[in-house]
**Q** 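Handing you this structure, nothing more for now.
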Amino acid sequence: MPHAHAADLKIDSAMTLNQVRVGCDVQIRVLSGPGCDRLRDLGFCEELQVRKLAGGRNLICSICGTRMAISRELAEQVIVSPVQ
Amino acid sequence: MNLHCQTLLALAIVSITLGIFTVRLFMPKKKSGCGKGCDCGKS
Amino acid sequence: MSATPDGPSLIALIGNPNAGKTTLFNALTGANQHVGNYAGVTVAVKSGHTYTPHGRKVRVLDLPGCYSLRANSPDEKVALDALHGQLPGEPVPDLIVCVVDSSNLERHLQLVLQVIELGLPCVLALNMIDVAERNGLRLDPVKLSEELGIPVIPMQANAKRGIVELKQALRLPRPIAPVTTWTHLHDDPETGRRLFINQLCELVARRPNAHQQTTSDRLDAVLLHPVYGWLALIGIFFTVFWAIFSFAEIPMHWIEAGQGSFGKWVESLMVEGDFRSLLVDGVIGGAGGVIVFLPQIVLLFLFIGLLESSGYMARAAYLMDGVMAKAGLSGKSFLPLFSSYACAIPGVMAARTIHSSKERLVTIFVAPWMSCSARLPVFFLIIPLLMHENEGSWKQALTLFAIYGLGTATAFIVARILRGRLGEDISPGHFLLELPPYRTPQWGYIFRHVLDRAMSFVKKAGTIILGLSILLWALSTYPKSNSSEPAEALAHSAMGRIGAVIEPVVKPLGFDGRMGTAILTSFAAREVFVSSMAILYRVEEAENEEQTRNQLRDKLSAATWPDGRPIFTPLSLISLLIFFIYALQCLPTSAVVARESGSWKWALGQFLFMTGFAYAASFLVFQAGKLIGF
């Protein structure tokens, strides 16, 4: 059951982590960009679920039960879509 | 302890202290994790 | 390889930061090391040893926490070197113990798989099973062991559960390195590992609900709030300062009274003479004058330990990231700089976790301006002189806060300028931080750490400071003059002559020759300033026999220039404070900076810049103040 509100859906229902509303659960679709190795090391892998806890200059998300803070630039490289 | 004894004793202690400092200055320095003389408690 | 037929002789602990490696290391070796639950605190390789149930000695290495073997930062590189036997003086470890946080297997197994791929014998320490159980995770260690091909030992290092079982694993001869069963899953090794981990976690670590609202989340709603979070941060740190001042007062009075009585007792034991003077003025007055600050030192480290252990420090770093960016730094610099408030040496070393080498250099350069604990005796001596006897401790706390604030603000400004001049990074780093769950502080570790620091402080006072006090006493007593006037006798001594030479240099800063000499001696160790002042200003004591307390502060308040003006006016005191905030007076720090930056020129430049800056700042403040008519 989709968690996201209608306002959060883009045309192709995929967006970067930055664009997600705080409090939403999303699923990681793909990582693209120079930082994706680093992201994968930390556990940001495709198919995993993420909840965005805070936004701004640095985001806070909950992944696999762990709270991680990452920068905007890194979050820009995480493409997500609402949980199906 | 009369005056003369006191002065001798004091001078002796001062010389010993000076000696210890001089020896420490020229002793081979052991490279530990963070260097000597700090009070950070790390080994 | 140093393994004997009976089993491994050298084992290495590896794992993500916050997996509890260091806790396990302490449990195995019994060593007292610093534990921080903030990513990146372990920066050096610690080594110790433990014994198997059969009494065989096994050496243990605690490697820096890393997320992968890709060697993105200096401490990850150190870990990788250790595994390849490339650490100076260390062979390849016989056995690797991979420490993972059981409540986070999806993320921690990446590193484990990479280690297994190296072909070294491994054992998996499934740590923090209490947290996993509490989160409702259903673990299957037996199946995990089957799938990975290595022994898996559930444990809870902070409660010492599972340690015996781990040692049993050490008893066995070298376990055969497992065949990697996941490399065939995909062409790309990354993806292959990931697919394997996903499958594995479905089997052995079923997670009920990925996003449960926990107490930590509720606390973070306030403490990480853009507005409330900042208010909380400032409030917490100000409270810490205030607490240090007020809680320490009573123990300090006891120590001072004890010091006074002890001095009087020694005086009564013998007639007046050099030896008596050496003991009372040099030893008790000098070295003892530094011991009185022990309560404040203890409280400072106690609060730092509490903040780190509870998990709040990571939140502070997160909040500070925005501010640090204005200084050209990032939140990663927060821990090194904050550690420097205690002592710049571990702070400079903690800078190893910073990926950007330019940011690292800048952090190392400005770290000494985070007023370290060695300056505390100087500050605590001078601040009360600025106030009246009975002013509330909150005013003193405010002044201390302002002192720290000034040092920090200047450091940020200089960092910004320096960072700009160093130029852009080749590959920009990104802010990345794990926020561990809040937990009740680990009192055992905190108390051991505080005790450690207290003992180091006392030891330093009893050795270096004591020795320097004795030498200073000698310099201020000899050569003797025939005059019975205390001031003339001092002027005749070696110290007095040095003071006469120095006075013209420091007079524009508002200091007299004795203060100038005391400052000179404090380059050996900042705390010595207090001892020197005690020795240099004791001549005033002869005039005030009614004093029941042998307080240095009282002596200083009464000190005057030859023409009768008081030396320690508020302006000259502020000038003195400013000098100590900015001057770099710690040779061990310069040595570590030279080593960590890889260049003695950097360390020398830092010393010259900071000391020159201190002189200029003091000069400006004092002269400007006089112009205004302060």
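By convention in this document, chain letters (A, B, ...) are assigned in the order of the sequence lines, proteins followed by strands, and residues within each chain are numbered from 1.
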**Q** Counting heavy-atom pairs closer than 4.5 Å to chain B, which one of C/V348, C/T589, C/L278 comes out on top?
**A**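 Result: the option with the highest number of such pairs is C/L278.
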
**Q** Below 4.5 Å, heavy-atom pairs only: which of C/T463, C/L468, C/L466, C/L279 has the largest tally toward chain B?
**A**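 Counting heavy-atom pairs under 4.5 Å, the top option is C/L468.
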
**Q** Is the backbone of C/M270 close enough, under 3.5 Å, to the side chain of B/Q6 for a donor and an acceptor to pair up by distance?
**A**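 Absent.
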
**Q** Would you mind reporting whether B/L11 and C/F275 have side-chain heavy atoms less than 4.5 Å apart?
**A**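 The answer is no; the side chains never approach within 4.5 Å.
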
**Q** Go through C/W473 and B/I13 one step at a time and tell me if the side-chain contact (heavy atoms from CB on, under 4.5 Å) criterion holds.
**A** CA-CA 11 Å; C/W473 173 88; B/I13 293 180; over 6 Å; no

**Q** Between B/L18, B/I16, B/T17, B/I20, which has the largest tally of heavy atom pairs under 4.5 Å with chain C?
**A**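 Heavy-atom pair counts peak at B/T17.
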
**Q** Minimum heavy-atom separation for C/L471 to B/F21, with atom names?
**A**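 Nearest heavy atoms, C/L471 then B/F21: CD1-CD1, 3.7 Å.
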
**Q** Rounded at 0.5 Å granularity, tell me how far CG in C/D274 sits from SG in B/C5.
**A**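 If we round to the nearest 0.5 Å, C/D274:CG and B/C5:SG are 11.5 Å apart.
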
**Q** Checking heavy atoms, do the side chain of C/L269, its backbone, both or neither come under 4.5 Å from chain B?
**A**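 For C/L269, neither part sits under 4.5 Å from chain B.
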
